[in-house]
Amino acid sequence: MIDAAEELNRIGARVSWNLEASAITMLANDRDDRVPVFESVTDCQVPARLVGDPYRGTRGRPWDRPARALGLPPDLSGEEYYRTVMERLRNPVAPVEVDATDAACKAVIRRGADVDLFSFPWPYIHAADGGRYSNLHTMVAPDPDSSWTDWSAHRAMIQDGARASVLLLAGEQTPNLFYYRYERREEPMPVALAVGVEPAAQFTASMWIPTGSDEAAFAGGLKGDPVELVECTTNDLKVPASAELVIEGRIIPGERLDEGPFGDYFGYMHGPRRSMPVLRVDAVTHREDPLIPFCVEGSGVGYSLNTTSTTEVACTGPDATLGLRAAGYDVEKCVPWRFTPRSVYVVSTDVPRPGYLHELANFIFTTWGMLHVDFFVFVDADVDPLSTRDVVEALALHADPDSDFHQFGAETMPKVPLNIYQTPEEKGDVETGTSKSKTAKAYIDATSNGESGVSESAGGDGALRERARSVLDRAGVDRDPGVTSGE
């Protein structure tokens, strides 16, 4: 659908996987230009192509391309988009299995000694990265004690022709399966990395789907039709048949290889190198001329124009909103802050009683884990968390530094070791990949009459504000002009 909308820039000139493809992609991202497709990649034994940040949203409206990818009108307001995605997530559609002969991702099958990961043009994305990466795929892994299969997104650094080290951080679903079940039993965990899957499957992998749920069914709900699955060649895992390429293998208990450093979503080069579990590849299957997508992760603090930030805002946000409502909290929207999409979330909500925000923060930090997110900003229900201007205004007007900035769980919360404010010594070197020391979490009460008792400000009439917004939307006026003029 992106192609149909003439949003692809097909580049026929020879481009190297070594920094060139990522540099061109970042320029396209910075300029809010078309999505680059590199039709001719140097030093590539397989006729594969690269596509840079295919799900990156447009500036100011990060949900536009995801909406189009899900068959939705591209002119939806943020409110309409969130409402539509949540409604689709409420109505999962069971997947269907197709025969391997009908799956294009089985056109070429390489097993055992015929496997060579370096025959594909995995990009070297940042100049100081520890290696070449696959960082935009759906990882499929089974629970050994049930019929549940988890879909997730964990980057893989290519080590040699048949091995990769995978960033598995304990506390997340798939890492927990490996560290606390497979590895403790000294059993390899079968996995598949499905690269270049259809958008609904890619989006679902980044969502907070509850443990035990059928993620393929949620992907079907997102697209409004069943997702087609096909069985792997060397194990019984089922992967999206829409994949361009599938890496089949096993993550080996007790075996580690260095991973990183990597230019991560926080906006800096994350290091030092850490030991991570090893994926041993049994087979690679792919289309005749596969497209390999990749994401240019944070290339500077506040960098928001890439696939990661887009999928957080456009996919994780509606899913998180739905989750909070299912838990009994009457929130309007829960939106990852697009400039630091896995560090800060903004929640718009009424405050029905004293202590409500603390209770909500407690639920989020203790129930969802929140290994990545450090703090939340709570704003009034009529403040749009998708609008940078509205959120900053709420912070400036209503957040009293003395009474509205709350530390939560002082130094008791687990944190992924990707942050910049802890030293390597503080992060520790734990086998399971989490920090040895813990961090505090925090929330900011930027509501107009929240728990601090601040009175409603002049001009805070929610009905009038909403009416003004609807007029601007109908007129096609961008309500967040500070974003469109640059970040």
Measure the [atom1]-[atom2] distance between [X] and [Y] for me, rounded to the nearest 0.5 Å.
{"X": "L193", "Y": "M139", "atom1": "CG", "atom2": "CE", "result": "6.0 Å"}
{"X": "F363", "Y": "H358", "atom1": "CZ", "atom2": "NE2", "result": "14.5 Å"}
{"X": "K333", "Y": "R83", "atom1": "NZ", "atom2": "CZ", "result": "9.0 Å"}
{"X": "T308", "Y": "E297", "atom1": "OG1", "atom2": "CD", "result": "3.0 Å"}
{"X": "E248", "Y": "D282", "atom1": "CD", "atom2": "CG", "result": "7.5 Å"}
{"X": "I247", "Y": "L279", "atom1": "CD1", "atom2": "CG", "result": "7.0 Å"}

Pairing residues for [X] by the ring-ring contact (aromatic ring centres under 6.0 Å, His included) criterion, not counting sequence neighbours:
{"X": "W17", "answer": "none"}
{"X": "F294", "answer": "none"}
{"X": "F38", "answer": "none"}

Under 4.0 Å between a Lys/Arg side-chain N and an Asp/Glu carboxylate O for [X] and [Y]?
{"X": "E187", "Y": "R181", "value": "no"}
{"X": "D99", "Y": "K106", "value": "no"}
{"X": "R10", "Y": "E39", "value": "yes"}
{"X": "R111", "Y": "D114", "value": "no"}
{"X": "D330", "Y": "R325", "value": "no"}

Walk me through whether R273 and M157 qualify under side chain to side chain contact (heavy atoms under 4.5 Å, CB included). CA-CA 11 Å; R273 293 168 71 87; M157 191 177 90; 3.8 Å; yes
Residue pairs passing the side chain to side chain donor-acceptor pair (under 3.5 Å) test where at least one lies in residues 219-228, sequence neighbours excluded: E198-K223
Closest non-hydrogen atom pair between [X] and [Y], with its separation:
{"X": "A201", "Y": "V197", "result": "CB-CG2, 3.8 Å"}
{"X": "V227", "Y": "A216", "result": "CG2-O, 3.9 Å"}
{"X": "V195", "Y": "P293", "result": "CG1-CD, 3.7 Å"}
{"X": "V230", "Y": "A103", "result": "CG2-CB, 4.0 Å"}
{"X": "V391", "Y": "V383", "result": "N-CG1, 4.4 Å"}
{"X": "V351", "Y": "Y356", "result": "CA-CD2, 4.0 Å"}

Does the side chain of [X] come under 3.5 Å of the side chain of [Y] through a donor N or O and an acceptor N or O?
{"X": "N306", "Y": "S309", "result": "yes"}
{"X": "T25", "Y": "D53", "result": "no"}
{"X": "E87", "Y": "N91", "result": "yes"}

Are the side chain of [X] and the backbone N or O of [Y] linked by a donor-acceptor pair below 3.5 Å?
{"X": "E244", "Y": "L291", "result": "yes"}
{"X": "E183", "Y": "G254", "result": "yes"}
{"X": "Y179", "Y": "L168", "result": "yes"}

Matching residue for H406 among F376, F375, Y443 - test: ring pair (Phe, Tyr, Trp, His ring centres under 6.0 Å):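 Of the listed residues F376, F375, Y443, the ring pair (Phe, Tyr, Trp, His ring centres under 6.0 Å) partner of H406 is Y443.
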With sequence neighbours excluded, residues passing salt bridge (charged side-chain N to carboxylate O under 4.0 Å, His left out) with R163: D160
Take D64 and R56 through the test salt bridge (Lys or Arg N to Asp or Glu O under 4.0 Å) and record every step on the way to the result. CA-CA 9 Å; D64 272 350; R56 174 252 303 171; over 6 Å; no
Checking R68 against D75 for the salt bridge (Lys or Arg N to Asp or Glu O under 4.0 Å) test, could you report, in this order, the C-alpha distance in whole Å, the side-chain angles of both residues, the deciding distance, and whether it holds? CA-CA 9 Å; R68 186 174 287 113; D75 58 349; over 6 Å; no
So, do [X] and [Y] sit near enough that their side-chain heavy atoms are less than 4.5 Å apart?
{"X": "R250", "Y": "N235", "result": "no"}
{"X": "P144", "Y": "Y182", "result": "yes"}
{"X": "Y329", "Y": "V347", "result": "no"}
{"X": "N362", "Y": "I364", "result": "no"}
{"X": "W148", "Y": "L177", "result": "yes"}
{"X": "V140", "Y": "V191", "result": "no"}
{"X": "D319", "Y": "I209", "result": "yes"}
{"X": "P385", "Y": "S348", "result": "yes"}

Side chain to side chain contact (heavy atoms under 4.5 Å, CB included) assessment of E231 paired with V239: CA-CA 6 Å; E231 189 170 294; V239 298; over 6 Å; no
Just do the side chain to side chain contact (heavy atoms under 4.5 Å, CB included) check on T316 and T311 with the steps written out, would you? CA-CA 7 Å; T316 305; T311 54; 5.8 Å; no
Quick check on side-chain hydrogen bond (donor to acceptor under 3.5 Å, both in side chains): which of E255, Q159, E259, R274 does S165 satisfy it with? Q159
Are more than 12 heavy atoms from other residues, nucleotides or ligands located less than 6.0 Å from atom CG of D289? yes
When the aromatic ring centroids of W208 and Y345 are compared, is their separation below 6.0 Å?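 Ring centres of Y345 and W208 closer than 6.0 Å.
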Which pairs would a plain distance check flag for residues 117-125, meaning a side-chain donor or acceptor within less than 3.5 Å of a matching protein atom at least two apart in sequence or in another chain?
unit_1, atom_1, unit_2, atom_2, d
S119, OG, D116, O, 2.6
W122, NE1, L117, O, 2.9
Y124, OH, A127, O, 2.8
Y124, OH, D129, O, 3.0

As a quick check of understanding, evaluate side chain to side chain contact (heavy atoms under 4.5 Å, CB included) for D374 and K441, giving each step before the final call. CA-CA 5 Å; D374 281 340; K441 305 293 184 177; 3.4 Å; yes
